[in-house]
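The block underneath contains the structure these notes are about, expressed in structure tokens.
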Amino acid sequence: MIAHVDMDCFFVAVERLKDSSLKGRPMAVGGDPAEGRSVVTSASYEAREFGVHAAMPMAVAVRRCPGLVVMPPDFDLYDQYHYKVKEVLNAFSPVVEMTSIDEGYMDLKGTERLWGPPMEAGERIHWAIKQATQLDCTIGIASTGTTAKIASEEAKPNGLLCLPAGTEAQFLAPLSVGAIPGVGGKTAALLESFGLEYIHQIASAGESLMVSTLGATGRWLWRTSVGLHERKVTPEWRRKSISKEVTFRTDTTDREYLTAVLHILMEKVCRQLRREKKKARTVSLKLRYEDFETIDRFQTLSQPDNRDPSLFSVAKDLMLSAITRRVAIRLIGVGLSNLTGSGHQTELFSEKRWLKEWNRLQAIDRTRRQFGFNSLLAGEAIHLANGQ
DNA sequence: TCTGGGGTCCTAGGACCC
DNA sequence: TCTGGGGTCCTAGGACCC
């Protein structure tokens, strides 16, 4: 059996540990509404009663819920609690996969002798998390990870739902298709256009009909609908990309400004790349125009690299050729993917210049760790750091 | 009402190779 | 004249998740 553990209103709950006067009040974690262009990251149940939910523009949230308390996110603290939760889960099973900051899967196979049957294990885990963090969570347990996740969603908040093997389809039947992880608004609307509104309707449509109309998507939808879709629990997660993006307070057409911001973003992304001892072969650039049209441009290099100057020049060229419209830009982002372990063995010996450059960047990274990011900024980024 | 930032995965077409 | 089939890599776009 697989357990899915999901922390309840995670960010809000952690904020309330810091400041207990926030308990019982409608609150949200997210950007300051006065700063504009921010969004709700996490909303308390009290705020949800006013129609406030995650991803809602903060300006709208404040309008809907006068008196909403807004706290800025404190990701370092959330990270600490994330690790506490992970430690608890690891004490119960060797096969644990945290899939985000506030949820994870664990395989309960072989834990019965220690922790009892699934329901009992679930109770112990629930209690242990509360002891270790003072936080509430909800646990779903089922024969597959996907069904377990749906179960935990249904059991919120502070719940525990264990589906005995064989009862999955019966549990899933009355739920709407949107309860399936991976089915968002667009897919739900598409399914509805076929007359598929509830999970049991997908189940009774049959596998072959689902496959013939929706291909591979139809297959996993059908398998999910009858509780057969497997989701493996894979403990070692490996990051596949690193990216940074910013939305401007005011849209801009100024290419020098865009270039300078791009430079800062690339420095940050490269710093993280080197910290993780990796190299990247693909550089990506993202732009969002003021009308929300969003484009991506990619370039894959023949050799992986981790130095900002060369990666920046690729990103800059991508940006200059990507800007084709005369519309102002609201967001710029840069990403690195096709990551490999830094594997600098060959170059290290064959190319002295490369080695020198690498050592220089290492020194810069060290300085920044000590004195903060803005203590060193190269060329095009400098005027921004000087408080423009 | 006016839309963040960090990610993953899927699809589809074109290039290229055998 | 009409023209395979499969595999892999790359790019662009989109959906989705927290």
Side-chain angles (χ1 to χ4, degrees), chain A residues 4-12 28-33 35-43 50-65 70 72-73 75 78-79 82 97-105 146 149-150 152-153 177-191 214-221 231 234 237-249 251 265 268-269 272 281-302 318 321-322 324 330-339:
Chain A
H4 179 258
V5 179
D6 201 338
M7 304 304 295
D8 296 338
C9 288
F10 185 54
F11 296 176
V12 164
V29 173
D32 185 345
E35 300 273 308
R37 301 201 154 170
S38 63
V39 118
V40 174
T41 303
S42 175
F50 289 85
V52 174
H53 56 78
M56 170 181 277
M58 193 60 86
V60 179
V62 172
R63 214 166 300 137
R64 284 202 187 174
C65 180
V70 179
F75 287 105
Y78 308 153
D79 254 351
H82 166 87
E97 175 187 1
M98 297 304 289
T99 47
S100 78
I101 197 162
D102 71 340
E103 68 177 307
Y105 293 88
T146 306
K149 181 169 165 67
I150 298 173
S152 74
E153 200 56 43
V177 295
I180 297 173
V183 175
K186 307 277 177 171
T187 310
L190 177 70
L191 291 171
L214 292 168
T217 307
R219 177 169 282 111
W220 76 256
L221 278 172
R231 191 209 165 284
T234 40
W237 172 81
R238 181 162 291 195
R239 132 184 349 274
K240 298 188 174 62
S241 66
I242 301 175
S243 65
K244 290 258 179 256
E245 63 186 56
V246 275
T247 298
F248 303 120
R249 224 167 283 184
D251 303 336
L265 294 175
K268 291 186 179 179
V269 158
Q272 189 176 345
R281 210 153 72 76
T282 302
V283 179
S284 63
L285 178 103
K286 176 174 171 180
L287 291 175
R288 174 127 72 211
Y289 291 103
E290 64 182 344
D291 61 6
F292 239 71
E293 190 201 355
T294 307
I295 58 171
D296 286 283
R297 293 294 178 266
F298 299 80
Q299 189 170 331
T300 297
L301 316 170
S302 53
L318 283 174
S321 59
T324 50
R330 67 142 44 214
L331 170 150
I332 185 167
V334 68
L336 299 174
S337 54
N338 243 320
L339 305 181

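Below, chain A is the first sequence line, B the second, and so on; all start at residue 1.
- Nearest to the side chain of A:Asn338, among B:dG7, B:dC9, C:dC10, sits C:dC10.
- Residues A:Glu245 and A:Leu265 fail the side-chain proximity criterion, which asks for heavy atoms closer than 4.5 Å.
- At whole-Å resolution of the value, CZ in A:Phe75 and P in B:dG4 are 14 Å apart.
- Dashed line: the shortest gap from a side-chain N or O of A:Ser243 to OP1 or OP2 of B:dG6 is not under 4.0 Å.
- For A:Thr300, whose side chain is taken as the heavy atoms from C-beta onward, the closest listed nucleotide among C:dC10, C:dC18, B:dG4 is C:dC10.
- In this model, the phosphate group of B:dG5 is not approached by any side-chain N or O of A:Lys268 to a distance below 4.0 Å at OP1 or OP2.
- Residue contacts for A:Gly31: at a heavy-atom cut-off of 4.0 Å it reaches no nucleic acid atom on any strand shown.
- The side chain of A:Arg281 sits closest to C:dC9 out of C:dC9, B:dG7, C:dC18.
- What separates CD of A:Gln272 from P of B:dG6 is a distance of 9 Å, to the nearest Å.
- Within residues 52-63 of chain A, the residues that have a heavy atom under 4.0 Å from DNA chain B are, in order of number, A:Ala55, A:Pro57, A:Val60, A:Arg63.
- Taking 4.5 Å as the limit, every side-chain heavy atom of A:Val40 sits out of range of all side-chain heavy atoms of A:His53.
- A:Ile180 has its side chain out of reach of A:Thr187: every pair of non-hydrogen atoms, C-beta onward, lies at least 4.5 Å apart.
- Looking at heavy atoms from C-beta onward, A:Ser243 lies out of side-chain contact with A:Val269 at the 4.5 angstrom threshold.
- Between C:dC18, B:dT3, B:dT8, one nucleotide has an atom nearer to the side chain of A:Phe292 than all others, and that is B:dT3.
- Across the protein-nucleic acid pair, A:Lys286 atom NZ and B:dG6 atom P stand 9 Å apart, rounded to whole Å.
- In terms of phosphate contacts, A:Arg288 brings no side-chain nitrogen or oxygen within less than 4.0 Å of OP1 or OP2 of B:dT3.
- Residue-level contact check: A:Gly185 touches the backbone only, with heavy atoms under 4.0 Å from sugar-phosphate atoms and none from bases.
- Proximity of A:Arg37 to the phosphate of B:dC2: no side-chain N or O atom is located under 4.0 Å from OP1 or OP2.
- In this structure, A:Arg281 contributes its side chain and A:Leu301 its backbone to a donor-acceptor pair below 3.5 Å.
- Rounded to 10 degrees, the angle separating the terminal axes of the helix from B:dG5-C:dC18 to B:dC18-C:dG5 is 10°, with each axis obtained from five end pairs.
- Within the 4.0 angstrom heavy-atom criterion, only backbone atoms of the sugar-phosphate kind lie near A:Thr187; the bases stay farther away.
- Here B:dT8 presents its C1' atom at 10 Å from CH2 of A:Trp237, a figure rounded to the nearest Å.
- The closest side-chain heavy-atom distance from A:Pro181 to A:Thr146 is below 4.5 Å.
- In this structure, A:Met58 and A:Pro33 approach most closely via the heavy-atom pair CG-CB, 3.8 Å.
- Comparing A:Val246 and A:Ser241, the nucleotide of DNA chain B nearest to each residue sits closer to the 5' end for A:Val246.
- A:Lys244 has its NZ atom 5 Å from the P atom of B:dG6, to the nearest Å.
- Between A:Arg330 and B:dG4, a side-chain N or O to OP1/OP2 separation shorter than 4.0 Å is present.
- At least one side-chain heavy atom of A:Val29 sits less than 4.5 Å from a side-chain heavy atom of A:Tyr78.
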At a cut-off of 3.5 Å, list every protein nitrogen or oxygen paired with a nitrogen or oxygen from nucleotides 11-16 of chain B, distance to 0.1 Å.
none

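- Contacts of A:Val40 with the nucleic acid, taken as non-hydrogen atoms under 4.0 Å apart, are absent.
- Using a 4.5 Å heavy-atom threshold, the side chains of A:Met56 and A:Arg64 count as touching.
- Around atom CZ of A:Arg288, more than 12 heavy atoms belonging to other residues, nucleotides or ligands sit under 6.0 Å away.
- Summarising the geometry, the separation between CH2 on A:Trp220 and C1' on B:dC10 is reported as 11 Å, rounded to the nearest angstrom.
- Atom-to-atom distance recorded for A:Leu287:CG and A:Leu331:CG is 8.0 Å, nearest 0.5 angstrom.
- Side chains of A:His4 and A:Tyr105 form a contact here, defined as non-hydrogen atoms less than 4.5 Å apart.
- In this entry the distance linking NZ of A:Lys186 with C1' of C:dC17 reads 16 Å, nearest Å.
- A:Ser100 OG to A:Asp6 CG: the interatomic distance, rounded to the nearest 0.5 Å, is 7.0 Å.
- Rounded to whole Å, the C1' atom of B:dT1 lies 23 Å from the corresponding atom of C:dC17.
- Take the nearest nucleotide of DNA chain B for A:Thr41 and for A:Arg238: the residue whose nucleotide is more 5' is A:Thr41.
- The side chain of A:Arg239 contributes an N or O atom lying less than 4.0 Å from OP1 or OP2 of B:dG7.
- A:Thr247 has a side-chain polar atom (N or O) that falls below the 4.0 Å cut-off from OP1 or OP2 of B:dG5.
- Note that the OG1 atom of A:Thr294 and the OH atom of A:Tyr289 stand 10.5 Å from one another [nearest 0.5 Å].
- Remark: P of C:dC17 and CD1 of A:Ile150 are 11 Å apart, rounded to the nearest angstrom.
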